[in-house]
Amino acid sequence: MDGSPATTLTRPALRADELHPSVTDPQAGAMNFLNEIMSQYPDAVSFGPGAPYERFFDEVDVGAYVDRFAGHLRRHRGWDEPAVRRLLFQYGPSRGVINDLLADALRRDQGLDVRPADIVVTVGCQEALLLALRVLHRRDDVLAVVDPSYVGVTGAARLLDLAMAPIPDTGAGPSPDELRRLWHEVRAGGRRLRSLYVAPDYANPSGSRMPEEARRELLRVAAELDVLVLEDSAYGFTAAGEGLPSLKALDTTGRVLHLGTFAKVCVPGARVGYLVADQPVELPGGRTGTLAELVATAKSMTTVNTSPVSQALIGGMLLAHGGSLAELGRAKAARYRANLTTLIRALRTHLGAPDPGRVSWNEPDGGFFVTMRLPVPVDDALLHVSAAEYGVLWTPMRSFHLDGGGERDLRLSCSYLTDEQIGEGVRRLAAFLADPRCH
Ligand SMILES: Cc1ncc(COP(=O)(O)O)c(C=O)c1O
């Protein structure tokens with residue numbers, strides 16, 4: 001008798017309740033669910049993922065960009081061929097190898113005065129979030145998150161067993177009054193409100209953008225309460241014109257950690273992001289270091305270093321655009337704004353003006369997302385109706401909220417669709433919204 005079936009039968013199943021709860025959390029699973037439903041309905045138009053427009057990938061010549069970065073090392077650092085190859089193919093510094101280019105770009109584009117050593121180049125913005133949270137938070141510290149929030153931050157906090165509390169998004173970012181209220185509540189419970197996660201430019205999923213005065217007010221309150229601010233700038237590049245100053249650029253008290261990604265302005269497949277953490281840290285023994293140094297130590301214990309080949313690709317792309325993040329994002333931003341305009345126009349054509357008594361939506365002028373409110377609960381069952389009977393997909397918003405909320409809301413992402421797909425998708429969405437189950 002062949003022993004293999006018996007081996008299979010006797011292998012004990014692991015129990016989910018004995019694993020870390022973060023990996024079976026329903027909110028963490030929401031994105032997997034979306035991927036599953038997309039593969040189940042391949043012909044549906046999907047307003048689901050906030051992924052980049054794929055035709056941008058056609059112009060990415062990896063070899064040419066890596067060569068460009070290698071040429072930069074030869075010319076500007078005087079490196080010979082073995083040194084260039086070592087940098088590309090050997091283990092590298094945890095802090096990164098394109099930090100000087102990044103510091104120049106942040107100075108040129110945002111007026112940020114940071115040294116290359118104040119930056120850690122990470123495996124996407126996701127690792128920057130995870131590392132920043134790991135380094136800043138002790139066991140009982142509380143993380144405030146703007147609510148609704150990007151699932152990447154709440155998921156990372158769950159992975160680290162951090163306590164979290166929501167701060168409602170007013171449409172102009174997190175409410176400073178709520179931040180104050182929460183701070184007192186947390187302190188009354190004997191804990192410390194350590195940091196606040198916020199995405200001031202066209203947040204995912206809300207599309208909210210903080211006006212400049214709201215940014216200044218938030219920084220004032222954060223300084224008053226001694227709370228650190230994690231600023232996620234993923235969609236800042238989509239603003240028309242100069243854009244608003246980042247929280248980091250307005251920060252006069254050194255409380256902002258600035259996080260960025262090359263996923264949207266270059267390619268997500270490179271997995272390159274960064275964290276600016278220039279805060280001085282008093283170290284044991286009397287030496288003063290920087291937070292970036294400690295984040296790099298944490299990184300050396302997670303991913304060791306971000307792939308230098310990926311960093312070279314990103315470095316080459318930056319150099320090809322005059323060393324400017326803004327230049328790198330300019331053509332792409334125009335495309336994303338055009339997609340958003342197409343989506344909003346199509347919604348108005350098919351549904352009329354937003355009507356809070358029926359179906360309403362916001363109309364941001366940047367970012368990847370529009371959020372829509374229905375008169376009925378928006379859940380996975382309704383998404384199945386939309387996919388199976390009307391051929392259109394979207395993301396239920398409830399998974400972006402910490403403690404309830406968003407039950408009647410859905411997110412529409414238009415970043416990776418063509419004009420035709422957006423038009424067809426909205427036509428199908430309008431038909432779905434006319435279904436009695438949506439009233
Ligand atoms: C708010 C926000 N931050 C960061 C990212 C990108 O992270 P990464 O660089 O890890 O791809 C995304 C992508 O969806 C996002 O929406």
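Counting starts at 1 for both ligands and their atoms, following the listed order.
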Students should be able to answer this: which protein heavy-atom is nearest to [atom], and at what distance?
atom	result
atom 13 (C) of ligand 1	K264 NZ, 3.0 Å
atom 8 (P) of ligand 1	C125 N, 3.4 Å
atom 2 (C) of ligand 1	D232 OD2, 3.4 Å
atom 5 (C) of ligand 1	Y150 OH, 3.6 Å

Discussion item. Is there a polar contact between ligand 1 and G124, counting only N or O atoms under 3.5 Å apart?
Written reply: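 Not met; the criterion fails.
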Worksheet item: If we only count N/O pairs under 3.5 Å, is Y197 in contact with ligand 1?
Response: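 No, no N or O pair falls under 3.5 Å.
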Using residues 132-155 as the side-chain source, report each donor-acceptor pair under 3.5 Å to any protein atom, sequence neighbours left out, with the distance given to one decimal.
residue : atom : partner : partner atom : Å
R134    : NH2  : H137    : O            : 3.1
H137    : NE2  : S195    : OG           : 2.7
D141    : OD1  : R192    : NE           : 3.1
D141    : OD2  : R138    : N            : 2.8
D141    : OD2  : R192    : NH2          : 2.7
D147    : OD1  : L402    : N            : 2.9
D147    : OD2  : H401    : ND1          : 3.0
S149    : OG   : V146    : O            : 2.8
T154    : OG1  : V151    : O            : 3.3

Item to complete: Identify, by atom number and element, the atoms of ligand 1 in contact range of A234, meaning under 4.0 Å from any of its heavy atoms.
Response: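 Per the distance check, 2 (C), 3 (N), 4 (C).
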Worksheet item: Should the heavy atoms of other residues, nucleotides or ligands under 6.0 Å from CZ of R345 be counted, would the total exceed 12?
Response: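 Counting other residues, nucleotides and ligands, CZ of R345 stays at 12 neighbours or fewer.
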Worksheet item: Out of Y235, F400, F47, Y202, which one pairs with F369 under the ring-ring contact (aromatic ring centres under 6.0 Å, His included) rule?
Response: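 In the set Y235, F400, F47, Y202, the residue that makes a ring-ring contact (aromatic ring centres under 6.0 Å, His included) with F369 is Y235.
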Salt bridge present between [X] and [Y] (N-O < 4.0 angstrom):
X	Y	value
E224	R180	yes
R215	E212	no
K248	D278	yes

Worksheet item: Should F369 be listed as contacting ligand 1, given a heavy-atom distance under 4.0 Å as the test?
Response: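 It does not; every heavy atom stays at 4.0 Å or beyond.
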Practice prompt. Give a yes/no on ligand 1: does R271 have at least one heavy atom closer than 4.0 angstrom to it?
Written response: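 Within the 4.0 Å threshold, so yes.
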Practice prompt. Give the C-alpha distance, both sets of side-chain angles, the deciding distance and a yes or no for ring-ring contact (aromatic ring centres under 6.0 Å, His included) between F262 and Y274.
Written response: CA-CA 8 Å; F262 286 97; Y274 56 92; 5.7 Å; yes
Worksheet entry | salt bridge (Lys or Arg N to Asp or Glu O under 4.0 Å) assessment of D380 paired with R398 | CA-CA 10 Å; D380 293 350; R398 54 181 76 201; over 6 Å; no
Discussion item. For Y235, which part has a heavy atom under 4.0 Å from ligand 1: side chain, backbone, both, or neither?
Written reply: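 Looking at Y235 and ligand 1, just side chain atoms fall under 4.0 Å.
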Worksheet item: Considering only heavy atoms, does A199 approach ligand 1 within less than 4.0 Å through its side chain, its backbone, both, or neither?
Response: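 No part of A199 is near ligand 1 at this cut-off.
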